Amino acid sequence: MLDLKQIRREPEIVKAALSRRDPALAEEVDGILALDSEWRAATTSAESLRAAQKEASERVAAGKRAGADVGEELARLKETSARVKTLAEQAARAEQQLQDRLARLPNLPDPTAADGPEDELVRTVGEPRELGFPARDHLELAGPRIDMDAGAKLSGTRFAYLKGELVRLELALVSYAIDTLSTHGFTPVIPPVLVRERALYGTGFLPDTEQQIYRLADDDLYLIGTSEVALASLHDGEVIEPQRLPLRYAGYSPCFRREAGAAGKDTRGIFRVHQFEKVEMLSFVAPTDSAAEHERILGIEEQILTELAIPYRVVNIAVSDLGSSAAKKYDCEAWLPSQERYRELTSCSNTTDYQARRLSIRTRRDDGPGRGQTEPVHTLNGTAVAVGRTMIALLENGQQEDGSVTLPECLAPFGAPRRLAPAGR
RNA sequence: GGAGAGGUGCCGGAGCGGUUGAACGGGCGCGACUGGAAAUCGCGUAACGGGGGUCAACCUCGUUCGAGGGUUCGAAUCCCUCCCUCUCCGCCA
């Protein structure tokens with residue numbers, strides 16, 4: 001949610017910023033401003049009449065106590081009451097419309113977010129290995145340890161069974177990620193994965209990406225597509241005193257995505273599936289600190305990729321591709337030998353005050369003008385390890401000519417095998 | 001799932017339908033007293049929204065007693081729906 005006061009104060013700046021995403025948004029801002037003045041006019045008249053009503057009401061109460069006849073005043077008040085009701089309804093309707101439109105505006109892009117239309121390459125790290133033999137993809141390397149047929153039979157397309165050593169590898173990746181994040185000050189969290197609408201609205205996934213989200217029809221609950229939803233909601237409605245910031249959480253959860261509209265895309269293997277495990281970072285920081293925190297989170301993602309010996313590159317996502325809540329986003333893309341290109345593995349976003357305003361998560365300004373006043377915190381999120389895709393990258397980059405896979409040393413202490421045997425036929 | 005109890009400010013805890021934004025107590029902050037402290041006394045102690053303002057301080061109006069509706073001139077107080085907490089029974093990893 002954008003700050004309505006900012007839209008009033010500097011509409012041209014807001015329009016210019018939103019136009020970077022989509023020129024049509026500037027008009028939307030004008031529409032919102034018109035609704036805003038309508039709402040404020042209605043509110044002012046409703047409230048001043050209500051003030052008069054309250055005052056008269058007190059006179060009635062005083063008169064009754066004194067034993068006076070208040071019949072006439074009561075009749076007048078009855079009429080006032082009806083008018084107040086009408087005016088209040090008008091104001092409420094205007095406010096509802098305003099809020100609905102406002103809620104659909106995406107976040108203002110950060111000035112340093114890439115202009116697009118292409119993402120901007122930030123850096124490339126690590127050299128793709130010269131294999132010297134034809135690359136196998138992750139399904140060939142995994143063999144029966146990834147069972148797509150059984151997954152499809154059980155649950156449909158884009159579901160998989162993971163078996164044997166790959167389960168050990170998955171658990172090790174998760175432990176390794178949690179361990180690494182702990183050293184960076186992130187508190188491990190296992191959140192609920194079924195949430196109410198508010199959590200999705202608050203994080204900006206609704207009304208924006210409705211078609212991506214699984215809903216339980218009978219219970220008014222949704223399956224989260226990322227633990228970001230649950231973690232950002234952890235402080236829903238709170239005022240966090242500035243000395244408690246930053247607050248950092250490492251969420252571990254399964255993630256569920258409908259992948260509607262992705263038909264025919266990445267259909268092979270577990271690159272794009274309806275359910276996967278992920279360890280996610282989420283930070284709540286003072287507004288002045290979010291840019292630095294964003295780089296910090298990116299740094300942790302890069303540390304993990306480096307330790308896992310996965311060649312990758314970092315891109316600054318083009319404004320037109322930003323999700324509605326992000327002001328700026330980096331993706332880390334891993335080299336996949338079988339596709340001979342870089343594919344998205346992790347991602348981190350600075351959502352500034354967009355989610356915090358919707359979820360009413362505030363802190364207090366601790367100096368300067370307006371000291372002691374509450375203002376929304378900034379929230380940021382980033383992938384530590386998206387297990388399925390990380391596994392793909394490990395398999396493909398660690399593959400040997402005989403079809404075996406060498407796995408990185410850093411996972412061994414967490415129970416991962418050092419080597420995967422070639423897939424049996 | 002069945003039966004019952006309950007949700008009030010930072011906390012505890014009152015509250016005949018009418019000066020209750022909310023008694024009383026505690027906590028916290030400031031001040032007085034003190035060499036300093038304790039004790040004591042005094043003052044203060046919300047969020048959100050509208051309007052005004054030298055757009056800071058501040059002033060003013062409104063909303064908020066789990067949430068949303070309703071009754072009423074007037075609701076923390078009455079009615080309905082939902083959410084949450086606790087106790088007992090049932091079921092269960």
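Computed from a predicted structure; not experimentally measured. Here is how names work: the chains are called A, B, and so on, in the same order as the sequence lines, proteins then strands, and each is numbered from 1.
- Taking atom CG on A/L87 and atom C1' on B/C61, their separation rounds to 15 Å, with Å as the unit.
- Looking at heavy-atom distances under 4.0 Å, A/Q53 makes contact with sugar-phosphate atoms alone, never a base.
- Nearest nucleotide to the A/A51 side chain, out of B/G18, B/C61, B/G49: B/C61.
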May I have the list of side-chain donor-acceptor pairs in residues 183-191 of chain A shorter than 3.5 Å, sequence neighbours left out?
residue, atom, partner, partner atom, Å
A/T183, OG1, A/T180, O, 2.6
A/H184, NE2, A/Q303, OE1, 2.7

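- Contact annotation: A/S360 does not reach the phosphate of B/A47 (side-chain N/O to OP1 or OP2, under 4.0 Å).
- Scanning all heavy atoms of the two residues, the minimum distance from A/L305 to A/C332 falls at CD1-CB, 3.6 Å.
- Listed by first then second residue, pairs satisfying side-chain hydrogen bond (donor to acceptor under 3.5 Å, both in side chains) with a partner in residues 82-91 of chain A number zero, not counting sequence neighbours.
- Between A/S233 atom OG and A/L359 atom CG the span is 5.0 Å, to the nearest 0.5 Å.
- Using a cut-off of 4.0 Å between Lys/Arg side-chain N and Asp/Glu carboxylate O, A/R50 and A/E47 are scored as not salt-bridged.
- A/R364 has no side-chain polar atom (N or O) that falls below the 4.0 Å cut-off from OP1 or OP2 of B/A46.
- The side chain of A/R50 places an N or O atom within less than 4.0 Å of a non-bridging phosphate oxygen (OP1 or OP2) of B/U63.
- Here A/H378 and A/F284 keep their ring centres 6.0 angstrom or further from each other.
- If you check every strand for non-hydrogen atoms under 4.0 Å, A/R362 touches sugar and phosphate atoms only.
- Between A/A327 and A/T352, the closest heavy-atom pair is CB-CG2, 3.8 Å.
- For B/G51, the base has no donor-acceptor partner in the side chain of A/E47 [N/O atoms by modelled type, under 3.5 angstrom].
- Spacing of C1' atoms, B/G66 relative to B/C86, comes out at 15 Å, to the nearest Å.
- Across every strand in view, B/U20 sits unpaired, with no contact that passes the Watson-Crick or G-U test at under 3.5 angstrom.
- Comparing A/E375 and A/L74 by the nucleotide of RNA chain B that holds the closest heavy atom to each, the one mapping nearer the 5' end is A/E375.
- If you measure from atom NZ of A/K5 to atom C1' of B/G49, you get 8 Å, rounded to the nearest angstrom.
- Of the candidates B/A47, B/A57, B/C61, B/A57 carries the atom nearest the A/Q373 side chain, counting heavy atoms from C-beta on.
- Within the structure, a side-chain polar atom (N or O) of A/K54 is placed less than 4.0 Å from OP1 or OP2 of B/U63.
- Here B/U85 sits opposite B/A5 as a Watson-Crick or G-U wobble pair (both hydrogen-bonding atom distances under 3.5 Å).
- The side chain of A/S81 has B/G74 as its nearest neighbour among B/G18, B/G74, B/C61.
- Applying a 4.0 Å cut-off to non-hydrogen atoms, the residues of residues 33-44 of chain A that approach RNA chain B are A/W39, A/R40, A/T44, listed by residue number.
- Sequence order on RNA chain B of the closest nucleotides to A/K78 and A/V239 puts A/V239 first from the 5' end.
- The phosphate of B/G50 (OP1 or OP2) has a side-chain N or O of A/R8 nearer than 4.0 angstrom.
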